[in-house]
Amino acid sequence: MGSDAARLLDAADFAAQKHREQRRKDPEGTPFINHPLAVARILACEAGVTDIELLQAALLHDTVEDTDTTFSELEARFGGAVTGLVREVTDDKELPRAERKRLQVERAPDRSPRARLLMLADKLHNLRDITRCPPAGWGPERVQEYFRWAAQVVSGLRGTSPALEAALEAVLEPGPEPGPGSGGHAGRDSQ
């Protein structure tokens, strides 16, 4: 694939196709693709990332975990570096939810610098989304539980990006102010 823009658009198109039937859990049923697009935007606009492979990985970060995409498929189309980043941030869905969450906390400090950036941007978008409109069925305690867990993951990623860490502190410090009623988030962390 030619230019950086073409490579980035190819990843966005691939992710959009793979996530085409998925929706966020907000009342509007927002298309799921909005999440990886937002994560890539956070990296580019808030962290100043210009690394095309990292931005591609941001767009693709949920494809293996949440669709029928395989790592082999990603590698054939996007190469080893992008696939390696996606692999680093992909939970093993065969493990119980509690174990996946525990492993995210435990393994966060050992991730590569680029994977750490991706994880920070992912958590930042998820936390902002939950603050905006909590998922259906999530009461204040469940929202607080998610925020406590995310803070643990983020703690293991400290020293990666002052800009993203400051943005996360701004979201985490005052605690979430759940919106009225239900709505919300449909990222992999909420399941």
Apart from Leu9 itself, its cluster of hydrophobic side chains linked below 4.5 Å comprises none

Applying salt bridge (Lys or Arg N to Asp or Glu O under 4.0 Å) to Asp13 and not counting sequence neighbours gives none

In short, Ser112 meets Leu85 closest at the heavy-atom pair OG-CD2, 4.1 Å

Whether the side chain of Ser155 engages the backbone of Ala151 through a donor-acceptor N/O pair (distance < 3.5 Å, no angle test) should be reported.
no

Sequence neighbours excluded, the answer for side-chain contact (heavy atoms from CB on, under 4.5 Å) partners of Ala81 is Glu53, Arg114

Could you tell me whether Glu165 and Arg116 have a side-chain N and a carboxylate O separated by less than 4.0 Å?
no

Membership question, hydrophobic clusters at under 4.5 Å side-chain separation (ILVMFWY): are Val143 and Leu172 in the same one?
yes

Residues joined to Leu95 in its hydrophobic cluster, side chain to side chain under 4.5 Å directly or through other members, sorted by chain and number, are Leu103

Are Val64 and Leu37 connected into the same hydrophobic cluster when the rule is that any two of I, L, V, M, F, W, Y join if their side-chain heavy atoms are below 4.5 Å apart?
no

Q. Would Arg24 and Thr30 count as having a side-chain donor-acceptor pair, cut-off 3.5 Å?
A. no

Heavy atoms, side chains only, cut-off 4.5 Å: are Glu145 and Trp149 in contact?
-> no

Heavy atoms of Leu55 and Ala40 approach each other most closely as CD2-O, 3.6 Å

Of all heavy-atom pairs linking Ala58 and Pro36, the shortest is O-CB, 3.6 Å

With sequence neighbours left out, the residues meeting side-chain contact (heavy atoms from CB on, under 4.5 Å) with Pro31 are Arg23, Ile33, Asn34

Check whether any side-chain heavy atom of Arg100 lies under 4.5 Å from a side-chain heavy atom of Lys93, and answer yes or no. yes

Do side-chain atoms of Glu88 reach the backbone of Arg111 as a donor and acceptor pair under 3.5 angstrom?
-> no

Those residues at least two apart in sequence (or on a different chain) that pass side-chain contact (heavy atoms from CB on, under 4.5 Å) with Ala108 are Met119, Val153, Leu157

Verify whether one side chain among Asp129 and His35 offers a donor that lies under 3.5 Å from an acceptor in the other. no

Nearest heavy-atom approach of Ala150 to Leu127 is CB-CD2, 3.9 Å

Query raised in the report: Do the side chains of Leu74 and Leu8 join up, straight or via other hydrophobic residues, at under 4.5 Å, putting them in one cluster?
Result: no

With sequence neighbours left out, the residues meeting salt bridge (Lys or Arg N to Asp or Glu O under 4.0 Å) with Glu21 are none

By salt bridge (Lys or Arg N to Asp or Glu O under 4.0 Å), Arg87 pairs with (sequence neighbours left out) none

Across all chains, not counting sequence neighbours, the salt bridge (Lys or Arg N to Asp or Glu O under 4.0 Å) partners of Arg158 are Glu169

side-chain contact (heavy atoms from CB on, under 4.5 Å) filter on Glu46, not counting sequence neighbours, yields Arg41, Ile42, Leu124, Arg128, Leu164, Ala167

So side chain to side chain donor-acceptor pair (under 3.5 Å) across residues 72-82, not counting sequence neighbours, yields Asp10-Arg77, Lys18-Glu73

Group every Ile, Leu, Val, Met, Phe, Trp and Tyr by side-chain heavy-atom contacts under 4.5 Å, then state whether Leu54 and Leu120 land in the same group. yes

Q. Cluster question for you: counting only ILVMFWY and a side-chain heavy-atom cut-off of under 4.5 Å, with indirect links fine, are Val82 and Val39 together?
A. no

The complete set of ring-ring contact (aromatic ring centres under 6.0 Å, His included) pairs with one or both residues in residues 71-121, sequence neighbours excluded, reads Phe14-Phe78

The reported gap from NZ in Lys25 to CD1 in Ile130 (rounded to nearest 0.5 angstrom) is 10.0 Å

Notebook entry, point to check: Any side-chain donor paired with an acceptor under 3.5 Å for Asp66 and His19?
Noted result: no

query = Taking the side chain from Arg7 and the backbone from Asp4, do they hold a donor-acceptor pair closer than 3.5 Å?
reply = no

Smallest heavy-atom separation, Val86 atom then Thr90 atom, equals O-OG1, 2.6 Å

### Task
Decide if atom CD of Glu141 counts as having more than 12 heavy atoms of other residues, nucleotides or ligands within a radius under 6.0 Å.
yes

- Message: For a 4.5 angstrom cut-off between non-hydrogen side-chain atoms, does Glu94 reach Glu99?
- Response: no

For Ala11 and Leu59, the nearest pair of non-hydrogen atoms, with its separation, is CB-CD1, 4.0 Å

